[in-house]
Novice: 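What follows is a structure written as structure tokens; I'll ask about it next.
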Amino acid sequence: MNREQGKATPAQSPPNLGANLANLGPGCHWCAVTEFLGQVPLLQRLPGSSIRRIADAVHVKRYEPGDYVAREGEPVDGLYIIFDGQAEVSAPANSEETNRPDYLLNKYDYFGYGTNSSDHQVNVVALSKLTCFILPNQYGHLLQPKTIWNAEETPEHSLLEQILHLEPLEVDIFRGFTLPEAPTFRQVFGGQFIGQALAAASKTVDCLKMVHSLHAIFLVAGDNNMPIIYQVHRARDGSSFATRKVEAKQKGMVIFTLIASFQKEEVGFEHQAAIMPNVPPPEQLLNLEEIRERRLTDPRFPTQYRNLAAKKKFTPWPIEMRFCEDSASQHKPSLNYWFRARGKLSDDQALHRCVVAYASDLLYSGVSLNPHREKGLKTYSLSLDHSMWFHKPVKADDWLLYVIESPSAHGGRGFVTGRMFNRQGELIMSLTQEALIRREKTRANRRPKL
């Protein structure tokens, strides 16, 4: 028996999907099954493709009150998930554990996962009319994907996909890492917090709901050398929307929080007043590596500068960026650049939104410092809060234009807004951020007191 007690039922019961699946047409039947399976906490951590394949593989079994669903010592032919009704779990009558209390299984609860088919340890008896979905043992591999984003063996995952992979520890608890090959700063990169926390939240909602907004607050600097624990709180589950709160912890202390809202796709009113700026296409622009190479070989730069730059360790970003303006525009409180994830990403819309969330913090707050830059001036900026609204589906391994503006800076805080467009000129998302911006006083490798 394997049941994560107290965590198997969502915070609020989602709408009734209909007890009589037989009355649904084939297409509606599959959609209803997929939606139901997406509400099972055990399955939510899986790639969306795995849940859809499980929906194809499960079959339905019905029981009358008093029927044995499973007997101690008899084979269990797969993973059982309760769709409707209630069952009781109890030790057999001759068990030495006669004082162990019985407990109930309800909708979304399951058993048979991780057990040997020949030695089920307890009895499971239907207390009412009971309907179960059963995933046969031959499909058990679908419950053990290679990553939370991809169920298939692939030669190589994108570095960003690896950064955003989380290790599920329990229902609603995940562990993330700062990979050695990922670019690092003095502390955990803010985009990593946003992307990994959103990944954790996404793995606690059904795969038919996608994030449409998030709001994050940075509390304490993160340690690159320590894992990050992400605890997800299920604030609400509704028919169209779900809300999650995520806390990121190190050393038992909350260092970052995120609230995200998810919505099932629906048809509605549409308009777009925002117009994509007229900028050169990415194919006509240089990426960061090419710009660096030119500076290292450009005789107009002092030899000492070129030698120092060549010796400095350079770690390519997992995001490819191509700037639309030259260095003469660096004092403007604005910035336009194209970006995309390096490598091929798995075909999971939740992953693509997490990738864009990761990338959204790159160079973002620094735009509010642009008008104040001068020779010899050393500054630092630290994200305070960050908000995003996702308007349309996104493909993060294709070019996106990031349009950033800073309308205000005051009191040691810089405010920036952002918009992202795809190559067709569609507004994909809108963003805002406030950051601490100060003159650098010391070289201390710790976050300044706020």
Side-chain angles (χ1 to χ4, degrees), residues 160 163-164 183-199 201 211-222 228 245-248 254-261 274 277 317-319 321 323-325 330-339 353-373 379-391 394 396 400-421 427-440 447-448 450:
L160 256 178
I163 291 171
L164 296 173
T184 57
F185 298 91
R186 295 176 181 176
Q187 57 273 324
V188 175
F189 169 50
Q192 178 179 324
F193 274 131
I194 301 168
Q196 289 184 340
L198 179 58
V211 63
H212 71 89
S213 69
L214 65 82
H215 309 275
I217 296 180
F218 301 87
L219 302 175
V220 180
I228 307 166
K245 178 183 178 182
V246 185
E247 294 179 335
V254 177
I255 58 178
F256 171 88
T257 65
L258 177 142
I259 295 178
S261 182
W317 278 94
I319 297 288
M321 295 178 286
F323 297 96
C324 301
E325 294 92 7
Q330 65 183 4
H331 292 289
K332 294 181 179 179
S334 61
L335 178 66
N336 297 328
Y337 68 85
W338 293 96
F339 77 92
R353 297 191 185 207
C354 291
V355 167
V356 173
Y358 174 97
S360 68
D361 199 37
L362 285 172
L363 307 179
Y364 193 29
S365 63
V367 174
S368 63
L369 278 168
N370 282 357
H372 314 285
R373 299 188 189 279
T379 62
Y380 58 78
S381 62
L382 294 166
S383 303
L384 297 175
D385 52 37
H386 189 101
S387 296
M388 300 180 69
W389 293 266
F390 299 77
H391 306 308
V394 61
L400 297 167
L401 178 65
Y402 200 174
V403 179
I404 307 172
E405 295 177 338
S406 176
S408 173
H410 179 75
R413 301 185 316 278
F415 179 70
V416 287
T417 66
R419 293 173 294 164
M420 293 184 184
F421 297 87
L427 181 65
I428 300 301
M429 60 194 64
S430 302
L431 312 90
T432 62
Q433 186 184 90
E434 191 170 52
L436 179 72
I437 54 173
R438 288 176 176 168
R439 295 175 181 268
E440 188 173 89
R447 188 180 180 99
L450 306 181

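Predicted, not measured: the structure shown is a model, and the values here were computed from it.
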Novice: Within the structure provided, determine whether Trp338 and Cys324 are in side-chain contact (heavy-atom separation under 4.5 Å).
Specialist: yes

Novice: Gln433 and Asp385: side-chain donor and acceptor closer than 3.5 Å?
Specialist: no

Novice: What pair of heavy atoms forms the shortest contact from Ser381 to Leu369, and how long is it?
Specialist: CB-CD1, 4.1 Å

Novice: How close do His215 and Ser213 get, heavy atom to heavy atom, and via which atoms?
Specialist: NE2-OG, 4.1 Å

Novice: Less than 6.0 angstrom separating the ring centers of Phe189 and Trp317, yes or no?
Specialist: yes

Novice: Looking at CG of Leu214 and OG of Ser387, how far apart are the two atoms once the value is rounded to the nearest 0.5 Å?
Specialist: 7.0 Å

Novice: Does a side chain donor of either Ser406 or Asn370 reach within less than 3.5 Å of an acceptor in the other side chain?
Specialist: no

Novice: What closest approach, in Å, do Pro333 and Val367 show between heavy atoms, and which atom pair accounts for it?
Specialist: C-CG1, 3.5 Å

Novice: Mind running side chain to side chain contact (heavy atoms under 4.5 Å, CB included) on Val211 and Arg353 for me, showing each step along the way?
Specialist: CA-CA 8 Å; Val211 63; Arg353 297 191 185 207; 3.7 Å; yes

Novice: Quick one: closest heavy-atom pair of Gly191 and Asp361, and the distance?
Specialist: N-OD2, 3.3 Å

Novice: Look at the side chain of Gln196 and the backbone N and O of Ile163, then say whether any donor-acceptor pair between them is shorter than 3.5 Å.
Specialist: yes

Novice: Counting C-beta onward and ignoring hydrogens, is there a side-chain heavy-atom pair between Leu164 and Gln192 closer than 4.5 Å?
Specialist: no

Novice: Sequence neighbours excluded, which residues qualify as ring pair (Phe, Tyr, Trp, His ring centres under 6.0 Å) partners of Tyr364?
Specialist: His386, Tyr402

Novice: I would like to know whether Leu160 and Ile319 meet side chain to side chain contact (heavy atoms under 4.5 Å, CB included); could you show each step before the answer?
Specialist: CA-CA 8 Å; Leu160 256 178; Ile319 297 288; 3.1 Å; yes

Novice: Rounded to the nearest 0.5 Å, what separates atom CD1 in Ile437 from atom NE2 in His410?
Specialist: 11.0 Å

Novice: Consider side-chain contact (heavy atoms from CB on, under 4.5 Å). Of Ile255, Leu258, Leu198, which one does Phe193 pass it with?
Specialist: Ile255

Novice: Got a second to check how far Ile404's CD1 is from Leu431's CG, nearest 0.5 Å?
Specialist: 8.5 Å

Novice: Considering non-hydrogen atoms only, spot the tightest contact between Ala359 and Tyr337 and give its length.
Specialist: O-OH, 4.2 Å

Novice: Determine, step by step, whether Leu335 and Phe323 satisfy the side chain to side chain contact (heavy atoms under 4.5 Å, CB included) criterion, reporting the C-alpha distance in whole Å, the side-chain angles of both residues, the deciding distance to 0.1 Å, and the verdict.
Specialist: CA-CA 8 Å; Leu335 178 66; Phe323 297 96; 4.0 Å; yes

Novice: Can you check whether Val220 reaches Phe256 side chain to side chain, under 4.5 Å on heavy atoms?
Specialist: no

Novice: Just list the side-chain donor-acceptor pairs under 3.5 Å for residues 411-420, sequence neighbours left out, or say none.
Specialist:
unit_1: Arg413; atom_1: NE; unit_2: Glu434; atom_2: OE2; d: 3.0

Novice: For side chain to side chain contact (heavy atoms under 4.5 Å, CB included), just list the numbers for Ser430 and His391, CA-CA rounded to whole Å, side-chain angles, deciding distance to a tenth of an Å, and then say yes or no.
Specialist: CA-CA 8 Å; Ser430 302; His391 306 308; 2.8 Å; yes

Novice: Could you grab the distance from atom CZ of Phe339 to atom CG of Leu401, nearest 0.5 Å is fine?
Specialist: 9.0 Å

Novice: For the atom pair CE (Met321) and CG (Leu363), what is the distance rounded to the nearest 0.5 Å?
Specialist: 5.0 Å

Novice: For the atom pair CH2 (Trp389) and NE2 (His212), what is the distance rounded to the nearest 0.5 Å?
Specialist: 11.0 Å

Novice: Taking side chain as C-beta onward, heavy atoms only, is Val254 less than 4.5 Å from Leu219?
Specialist: yes

Novice: Is Ile194 close to Phe218 at the side-chain level, that is, under 4.5 Å between some pair of heavy atoms?
Specialist: yes

